[in-house]
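All remarks here apply to the structure that follows.
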Amino acid sequence: LRRADVAMYSAKRLRTGRELYDPGRDSHSTDHLALVGALGDALRTGELDVEFQPKADAFNRTVVGVEALTRWRSPVHGTIPPDVFVPLAEHAGLARALTRYVLARALAQARAWSDAGHDLTVAVNLTASDLQDVALPEEIESALVVADARPESLILEITESAVLRDPERIGNVLARIGESGVGLSLDDFGTGYSSLTHLKMLPVGEVKIDRSFVAHVKTDPADAAIVGATIKLAHSLGMRVVAEGVEDEETWRRLADFGCEMIQGFVLAPALPAAKLEDLLPEPVHEAC
Ligand code: C2E
Ligand code: CA
Ligand code: CA
């Protein structure tokens, strides 16, 4: 059973769906336990940093939103990437605590930016297990109340593979969230299995085209065709499109030519601490008294 557990952990971390037990990876299991303990402590002590990557209007280049991306720089274990600690949190039953932590920080920041006259949406990534939690809509509502933030300022990013775990139950949870005014965005779009079906059924207002397609828009005509068709499809369903992982101006230009509304990627900036992100924001708008 312990070996099956190690294999399951690898399958989750590598997102392959299934893995055979590999003794080579077993050496991680003691590290793994230590890391789970450290992650629990980090969530209690506030050791995780929530940073923000800008999303810009593809046509006028204004930063209109941010995505919260969490960073764990452990004094003991070094820098641990989210691709490692997010699956770890899910595996160890800490996903809910992680999401609550990120949500609280992201919403407090959204409120601070709003007070300073910046009109921005803040996106938070949900884990697959969050979506199976029927208490999630209430939890989001109370996080909005605590931060005194507007539901419209929050976007929750979900993935299709997470929805596929239990489409009916998750559909209900998402519908309740959608009704509250909080936005929903379908992340990593194009990497799932039955994309078209889900686009139609889910109450999402935005799709994010996965970096694996965006990266080759300039060089691979097949990827360019997929991206162009995806943008058209999303528009015909009334959704806006964000291209993620945009690394250069030429790719940006091509995406804008396809009608993609928003750009996110290193071409603009990586995830930054809130204070640094402010350098990229337009002049604040102060409402007249
Ligand atoms: P994601 O949601 O798809 O986030 C985008 C990832 O792509 C981020 O990696 C970001 O730093 C990276 N990225 C952005 N622009 C570019 C670019 O132009 N080029 C390249 N090569 N990469 C770019 P990061 O921060 O390492 O996060 C990895 C994944 O971990 C995220 O993928 C998300 O699924 C998850 N994650 C991160 N923070 C959180 C969190 O607070 N909660 C949850 N549940 N998941 C999180
Ligand atoms: Ca995301
Ligand atoms: Ca993504």
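Counting convention: from 1, in listed order, for ligands and their atoms alike. Positions are given from 1 along the sequence.
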| Side chains of Trp252 and Arg61: does their closest heavy-atom pair fall under 4.5 Å? |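 A side-chain contact under 4.5 Å exists here.
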| task | Find out whether Val241 and Leu255 are in side-chain contact, i.e. whether some heavy atom of one side chain is under 4.5 Å from a heavy atom of the other. | result |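 In short, these two side chains do not touch, never coming nearer than 4.5 Å.
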Atom indices of ligand 1, in the order listed, that fall short of 4.0 Å to a heavy atom of [X]:
X	value
Val246	18 (O)
Val102	41 (O)
Glu67	2 (O), 4 (O)
Asp188	3 (O)
Gln53	14 (C), 15 (N)
Thr127	44 (N)

The one among [options] that brings a heavy atom closest to [atom]:
atom	options	result
atom 2 (O) of ligand 1	Leu268, Thr159, Asp187	Asp187
atom 43 (C) of ligand 1	Leu103, Thr99, Asn125	Asn125
atom 11 (O) of ligand 1	Arg71, Glu244, Glu157	Arg71

How is the N/O/S atom of [X] that comes nearest to the Ca ion (ligand 3) named?
X	answer
Asp187	OD1
Glu244	OE2
Asp188	OD1

Test your reading of the model: is there a side-chain donor-acceptor pair from [X] to the backbone of [Y], 3.5 Å cut-off?
X	Y	answer
Thr230	Ile226	yes
Thr62	Val64	no
Tyr101	Arg96	no

Among all protein heavy atoms, pick out the one at the shortest distance from [atom]; state its residue, atom name and that distance to 0.1 Å.
atom	value
atom 12 (C) of ligand 1	Arg211 NH2, 4.4 Å
atom 38 (N) of ligand 1	Thr70 N, 3.2 Å
atom 46 (C) of ligand 1	Val86 CG2, 3.7 Å
atom 30 (O) of ligand 1	Pro82 CB, 3.4 Å
atom 29 (C) of ligand 1	Asp83 OD1, 3.4 Å
atom 31 (C) of ligand 1	Leu69 CD2, 4.3 Å
atom 34 (O) of ligand 1	Arg15 NH2, 4.2 Å
atom 16 (C) of ligand 1	Phe266 CE2, 3.3 Å

Regarding [X] and [Y], does a basic nitrogen lie under 4.0 Å from an acidic carboxylate oxygen?
X	Y	result
Glu157	Lys208	yes
Arg100	Glu139	yes
Glu250	Arg254	yes
Arg111	Asp148	yes
Glu51	Lys276	no
Asp188	Arg211	no

| said: With carbon and hydrogen excluded and only N/O/S kept, which atom of Glu157 is nearest the Ca ion (ligand 2)? | reply: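 Relative to the Ca ion (ligand 2), the closest nitrogen, oxygen or sulfur of Glu157 carries the name OE1.
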| field | For the Ca ion (ligand 2): the N/O/S atom of Glu67 at shortest distance | value |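 Closest to the Ca ion (ligand 2) among those atoms: OE2.
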Quick one about [Y] and [X] (side-chain donor to acceptor, distance below 3.5 Å, no hydrogens or angles considered), yes or no?
X	Y	answer
Gln132	Ser129	no
Thr99	Asp130	yes
Glu261	His235	yes
Ser185	Glu206	yes

For [atom], is there a protein heavy atom at a distance under 4.0 Å?
atom	result
atom 9 (O) of ligand 1	no
atom 19 (N) of ligand 1	yes
atom 6 (C) of ligand 1	no

| query | Any N/O/S of Ser185 under 3.0 Å from the Ca ion (ligand 2)? | reply |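 It does not; every qualifying atom lies at 3.0 Å or beyond.
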| task | Could you establish whether Gly245 and ligand 1 come within less than 4.0 Å of each other, counting only heavy atoms on the residue side? | result |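 Under 4.0 Å: yes for Gly245.
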| query | For ligand 1, does Lys208 get within less than 4.0 Å through its side chain, its backbone, both, or neither, judged by non-hydrogen atoms? | reply |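 None of Lys208 does.
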| query | Between His77 and Trp72, how do the two ring planes meet: parallel, tilted or perpendicular, split at 30° and 60°? | reply |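 Ring orientation, 0 to 90° scale: tilted.
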